[in-house]
Amino acid sequence: MSFRAIIVAFVTSITLGTGSATAQNPVVVMDTSMGSMTIELFQAEAPITVNNFLQYAHDGFYEGTIFHRVIQGFMIQGGGFTASMSQKPTRDPIKNEADNGVSNERGTIAMARTGVVDSATAQFFINHQNNAGSLDHTGPGPAFGYAVFGRVTEGLDVLDAIAGVSTTPKEGHRDVPVDTVTINSVTVQ
């Protein structure tokens with residue numbers, strides 16, 4: 001590695017908040033109204049997705065958003081709606097990195113998207129159970145899958161607590177928590 005590449009890597013690590021010039025993965029703490037989860041982000045496996053998520057975190061975008069879709073035994077989805085069920089404006093969609101070889105296992109975080117493969121923006125979901133069979137990349141088109149870009153390393157009890165809340169239809173959405181579960185902040189460590 002050239003001296004210039006070492007300097008760029010060092011500056012990048014400081015900018016992204018990894019606190020080290022090594023190849024350590026970035027870590028964020030997601031503080032919610034039900035507790036905190038520490039999440040390691042997989043920089044090497046999903047660089048576009050991680051950088052996108054970190055930019056939204058740095059911008060404070062996630063503050064005050066909610067978990068608007070909660071299905072116990074499946075996943076919890078958030079990062080795009082306010083408590084009034086208004087969708088926040090986002091940046092342009094990113095390339096789907098679901099073909100990175102990382103599975104949608106319990107405790108992993110992945111990008112939510114529409115039926116369009118490259119449509120993910122800010123919303124994400126955390127897998128409450130192993131969803132590798134139904135959400136992983138298996139081919140082109142609809143089988144492309146959902147890009148896993150990190151995993152919960154502390155706070156699986158918070159994931160379980162959020163997944164266990166009562167839900168109801170609200171503002172045209174199903175599986176919305178009866179009592180709002182708010183994301184207070186996503187802080188890069």
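Hydrogens, waters and symmetry mates play no part in the numbers below; they use all other heavy atoms, side chains included. Source: prediction; values computed, not measured.
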* Assess the side chains of Thr180 and Thr182: does a donor N or O sit below 3.5 Å from an acceptor N or O? => no
* To do: Answer yes or no: is there a side-chain heavy-atom contact under 4.5 Å between Pro47 and Glu97?
  => yes
* For the residue pair Asp59 and Gln55, confirm or rule out a side-chain donor-acceptor distance under 3.5 Å. => yes
* Structure fact -> Rounded to the nearest 0.5 Å, the CD atom of Glu171 sits from the OG atom of Ser86 at a distance of 8.0 Å
* Asked: Nearest heavy-atom pair of Ala122 and Thr90: which atoms, and what distance?
  -> CB-CG2, 4.0 Å
* Side-chain heavy atoms of Met85 within contact of Ile66, under 4.5 Å -> yes
* To do: Check whether any side-chain N or O of Asn104 sits under 3.5 Å from a backbone N or O of Ala110 as a donor-acceptor pair, and report yes or no.
  => no
* Is Val186 close to Tyr56 at the side-chain level, that is, under 4.5 Å between some pair of heavy atoms? -> no
* Asked: Linking I/L/V/M/F/W/Y whenever any side-chain heavy atoms sit under 4.5 Å apart, do Leu135 and Val148 land together?
  -> no
* To do: Report yes or no: is the cationic atom of Arg151 (NZ for Lys, CZ for Arg) under 6.0 Å from the centre of the six-membered ring of Phe42, at an angle within 45° of the ring normal?
  => no
* Asked: Are the side chains of Val70 and Ile76 in touch, meaning some heavy atoms are under 4.5 Å apart?
  -> yes
* List for me each residue that meets side-chain contact (heavy atoms from CB on, under 4.5 Å) alongside Thr138, sequence neighbours excluded, and say none if there are none. => Ala143
* Backbone N/O of Glu105 and side chain of Ser103: donor-acceptor pair under 3.5 Å -> no
* To do: Look at the aromatic rings of Phe81 and His68 and report parallel, tilted or perpendicular, splitting at 30° and 60°.
  => tilted
* Mind checking whether Thr49 and Leu41 have side chains closer than 4.5 Å, heavy atoms only? -> no
* Asked: Taking atom types as modelled, is there a side-chain donor on Asp31 or Asn184 under 3.5 Å from an acceptor on the other?
  -> yes
* To do: Taking all non-hydrogen atoms of both residues into account, name the closest pair between Ile183 and Gly79 and its distance.
  => CD1-N, 4.0 Å
* Structure fact -> So OG1 of Thr114 and CD of Gln123: to nearest 0.5 Å the spacing works out to 10.5 Å
* To do: Say whether Ile39 and Phe125 are linked into one hydrophobic cluster, either directly or through other cluster members, by side-chain heavy-atom distances under 4.5 angstrom.
  => no
* Atom CD in Gln72, atom CD in Gln129: separation rounded to 0.5 Å? -> 10.0 Å
* To do: Following the transitive rule for hydrophobic clusters with a side-chain heavy-atom cut-off under 4.5 Å over Ile, Leu, Val, Met, Phe, Trp and Tyr, establish whether Phe61 and Leu54 coincide in one cluster.
  => yes
* **Side chain proximity check, Asp179 to Val165, heavy atoms < 4.5 angstrom** => no
* Scan side-chain atoms only and decide if Asp118 and Asn96 contain a donor-acceptor pair under the 3.5 Å cut-off. => no
* Asked: Is there a side-chain contact between Leu159 and His128 (heavy atoms, below 4.5 Å)?
  -> yes
* **Closest heavy-atom pair and its distance - Phe149, Met111** => CE2-SD, 3.5 Å
* Asked: Mind checking whether Met30 and Val50 sit in one hydrophobic cluster, side chains of I, L, V, M, F, W, Y counted as touching below 4.5 Å?
  -> yes
* To do: May I ask whether Phe67 and Phe53 are part of the same hydrophobic cluster, defined by side-chain heavy atoms of I, L, V, M, F, W, Y residues being less than 4.5 angstrom apart, directly or through others?
  => yes
* Structure fact -> Sorted by chain and number, sequence neighbours left out, side-chain contact (heavy atoms from CB on, under 4.5 Å) with Asp175 holds for Arg69, Ile71, Thr167
* Structure fact -> The salt bridge (Lys or Arg N to Asp or Glu O under 4.0 Å) partners of Arg106 (sequence neighbours excluded) come to Asp160
* Asked: Shortest non-hydrogen contact from Gln43 to Pro26?
  -> OE1-CG, 3.7 Å
* Structure fact -> Smallest heavy-atom separation, Asn131 atom then Phe74 atom, equals ND2-O, 2.9 Å
* Asked: Can you check whether Met37 reaches Ile109 side chain to side chain, under 4.5 Å on heavy atoms?
  -> no
* Under 6.0 Å between ring centres, would you say that holds for Tyr62 and Phe124? -> yes
* Structure fact -> Correct closest heavy-atom pair for Ser185 and Glu63 would be CA-CG, 4.0 Å
